[in-house]
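When a residue number appears, it is its place in the shown sequence, counting from 1.
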Amino acid sequence: MAGSPTARRRRLSIELKKLREMSALTCAQVGQALDWSGSKVNRMETGSGRVQPSDVDALCRFYGTSDELREFLKSLAREAKTRGWWQVHGAGVPEWFNIYIGLEQDASTLRQYQCEVLPGLMQTEAYARELHTTGAHMSAEDIDRAVRVRLERQEMLTRPDAPEAWFVVNEGAVRNVIGDREIMREQLERILETTELPSVTLQVLPFDSGTYPATGSFTMLGFPAPEDPDLVYRDGITDAVYLEGEHHVREYTRAFDGLRAAALSPQRSARLVQSVVKEYSK
């Protein structure tokens, strides 16, 4: 079973939708049969609200599932109510990003392209703090919380079951000075340290790479259970988009493969980062 509350909620939504579709019924038809609104059934299938174990029990009995499946889905509903470690930081982590962190914690693969800043899972405290101080209207307390969450997230890369993480970063993100040259030197040294982890690969997309897939920054998450489909995550200043359809995943996979092909090899990428470190050390 998936580990985080977010992943459990997502798995529950997927299974409930699957059961309804196998029954060839609409949300409105299921709601009418159970004396619910069709929107309630839809919310349960999209994970947009809390799902009570008693409601799951009613749905499973209506669909005629086995006792084993009914109890499994009810356990998902119960455990989805627990809070993740990152949710205790309040306004330091917006709700739309809470969802992402929960999914990230259970990912078995992570593919990310960053065109403006260096990956959050590789950032130093000083670099992350500079980004939060400049990029958002947050109190000093909330900035502290946001930075603490970002640093705690990085522990996933050193776990025994760390996801296979592949990062492609634009050369502009490597050379763009965030804060000052000292912050950047330490940040790039952290990048080099992180790439020594066996599960981490980094490629730099150089300025002279020619034509490559034109996209903004994005992250693709893959999960160990075949029942949990891959998803694409893109965020902005005030919200985020989660794309789960096969078409979206296929096209972003194609784009990421194109970015990898246009980028420097991991070895040449490391040498480029090392050269910039030397520039900032002068």
Kindly give the heavy-atom pair with the smallest separation between [X] and [Y], and that separation in Å.
X      : Y      : answer
Gln29  : Thr26  : OE1-N, 2.8 Å
Met220 : Val249 : CE-O, 3.7 Å
Val41  : Cys27  : CG2-O, 3.8 Å
Asn170 : Phe207 : OD1-CE2, 4.0 Å
Ala262 : Pro206 : O-CD, 4.0 Å
Gln154 : Gly120 : NE2-O, 3.0 Å

Point to revise | Residue pairs, two or more places apart or on separate chains, that pass salt bridge (Lys or Arg N to Asp or Glu O under 4.0 Å) and touch residues 117-127 | key: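 For residues 117-127, and leaving out neighbouring residues, the salt bridge (Lys or Arg N to Asp or Glu O under 4.0 Å) pairs sorted by first residue read Glu125-Arg129.
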
Practice item. Scan residues 32-46 for pairs that pass salt bridge (Lys or Arg N to Asp or Glu O under 4.0 Å), counting only residues two or more places apart or in two chains. Key: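 For residues 32-46, and leaving out neighbouring residues, the salt bridge (Lys or Arg N to Asp or Glu O under 4.0 Å) pairs sorted by first residue read Arg20-Glu45, Lys40-Asp55.
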
Just verifying a value: how many Å separate [X] [atom1] and [Y] [atom2], rounded to the nearest 0.5 Å?
X      : Y      : atom1 : atom2 : result
Leu34  : Leu59  : CG    : CG    : 6.0 Å
Ile191 : Leu188 : CD1   : CG    : 6.5 Å
His132 : Arg145 : NE2   : CZ    : 13.0 Å
Phe256 : Thr215 : CZ    : OG1   : 10.0 Å
Leu157 : Thr195 : CG    : OG1   : 11.5 Å
Gln187 : Ile178 : CD    : CD1   : 9.5 Å

Any side-chain heavy atom of [X] sitting closer than 4.5 Å to one from [Y]?
X      : Y      : result
Tyr233 : Leu103 : no
Met22  : Lys17  : no
Glu189 : Val277 : yes

Does this structure show an ion pair linking [X] with [Y], if we count only N-O contacts that are shorter than 4.0 Å?
X      : Y      : value
Glu171 : Arg175 : yes
Arg148 : Asp144 : no
Asp67  : Arg70  : yes
Glu186 : Arg190 : no

[X] (side chain) donor-acceptor with [Y] (main chain) under 3.5 angstrom:
X      : Y      : value
Gln203 : Arg260 : yes
Thr201 : Pro266 : no
Asp180 : Ile183 : yes
Ser209 : Leu205 : no
Glu15  : Leu12  : no
Tyr127 : Val117 : no
Thr134 : Leu131 : no
Ser23  : Tyr63  : no
Thr109 : Glu164 : no

Check your understanding: If you measure only the distance, is there a donor-acceptor pair under 3.5 Å linking the side chains of Arg150 and Gln123?
Key ->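 Indeed, the side chains of Arg150 and Gln123 share at least one donor-acceptor pair under 3.5 Å.
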
Practice item. Please check if any side-chain donor atom of Tyr100 sits under 3.5 Å from a side-chain acceptor atom of Glu104, or the reverse. Key: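 A donor-acceptor contact under 3.5 Å links the two side chains.
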
Point to revise | For Glu116, side-chain contact (heavy atoms from CB on, under 4.5 Å) partners two or more places apart | key: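 With sequence neighbours excluded, Glu116 shows a side-chain contact (heavy atoms from CB on, under 4.5 Å) to no residue whatsoever.
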
Practice item. List for me each residue that meets ring-ring contact (aromatic ring centres under 6.0 Å, His included) alongside Tyr252, sequence neighbours excluded, and say none if there are none. Key: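 Tyr252 satisfies ring-ring contact (aromatic ring centres under 6.0 Å, His included) with Phe218 only.
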
Point to revise | Pair Leu243-Leu231, side chain to side chain contact (heavy atoms under 4.5 Å, CB included): steps then yes or no | key: CA-CA 6 Å; Leu243 304 171; Leu231 65 82; over 6 Å; no

Group every Ile, Leu, Val, Met, Phe, Trp and Tyr by side-chain heavy-atom contacts under 4.5 Å, then state whether [X] and [Y] land in the same group.
X      : Y      : value
Val30  : Leu73  : yes
Leu118 : Leu110 : yes
Val168 : Val232 : yes
Trp166 : Leu221 : no

Check your understanding: Counting heavy atoms not belonging to Gln32, are there more than 12 under 6.0 Å from its CD?
Key ->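 Incorrect, the count does not exceed 12.
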
Check your understanding: Counting only heavy atoms not in Arg250, do more than 12 sit closer than 6.0 Å to its CZ atom?
Key ->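 For Arg250, atom CZ is crowded (more than 12 foreign heavy atoms under 6.0 Å).
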
Check your understanding: Linking Ile, Leu, Val, Met, Phe, Trp and Tyr through side-chain heavy atoms less than 4.5 Å apart, which residues share a cluster with Ile14?
Key ->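 Once heavy-atom contacts under 4.5 Å are chained together, Ile14 still belongs with nothing else.
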
Review point. Can Glu182 and Arg185 be said to form a salt bridge (charged side-chain N to carboxylate O under 4.0 Å, His left out), step by step?
Key: CA-CA 5 Å; Glu182 179 62 20; Arg185 182 184 63 79; 2.4 Å; yes

Review point. Excluding sequence neighbours, so at least two apart, what forms side-chain hydrogen bond (donor to acceptor under 3.5 Å, both in side chains) with Arg181?
Key: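 So Arg181 forms no side-chain hydrogen bond (donor to acceptor under 3.5 Å, both in side chains) with any residue.
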
Practice item. Could you walk me through whether Ser217 and Gln114 pass side-chain hydrogen bond (donor to acceptor under 3.5 Å, both in side chains), step by step? Key: CA-CA 5 Å; Ser217 300; Gln114 287 287 355; 3.2 Å; yes

**Study point:** side chain to side chain contact (heavy atoms under 4.5 Å, CB included) between Val174 and Val169, intermediate numbers included
**Key:** CA-CA 8 Å; Val174 175; Val169 299; 4.1 Å; yes

Check your understanding: Between Leu202 and Leu192, is a side chain to side chain contact (heavy atoms under 4.5 Å, CB included) present by the stated rule, with each step listed?
Key -> CA-CA 9 Å; Leu202 174 77; Leu192 294 171; over 6 Å; no

Exercise for review: Take Phe62 and Leu25 through the test side chain to side chain contact (heavy atoms under 4.5 Å, CB included) and record every step on the way to the result.
Suggested key: CA-CA 12 Å; Phe62 174 71; Leu25 297 171; 3.7 Å; yes

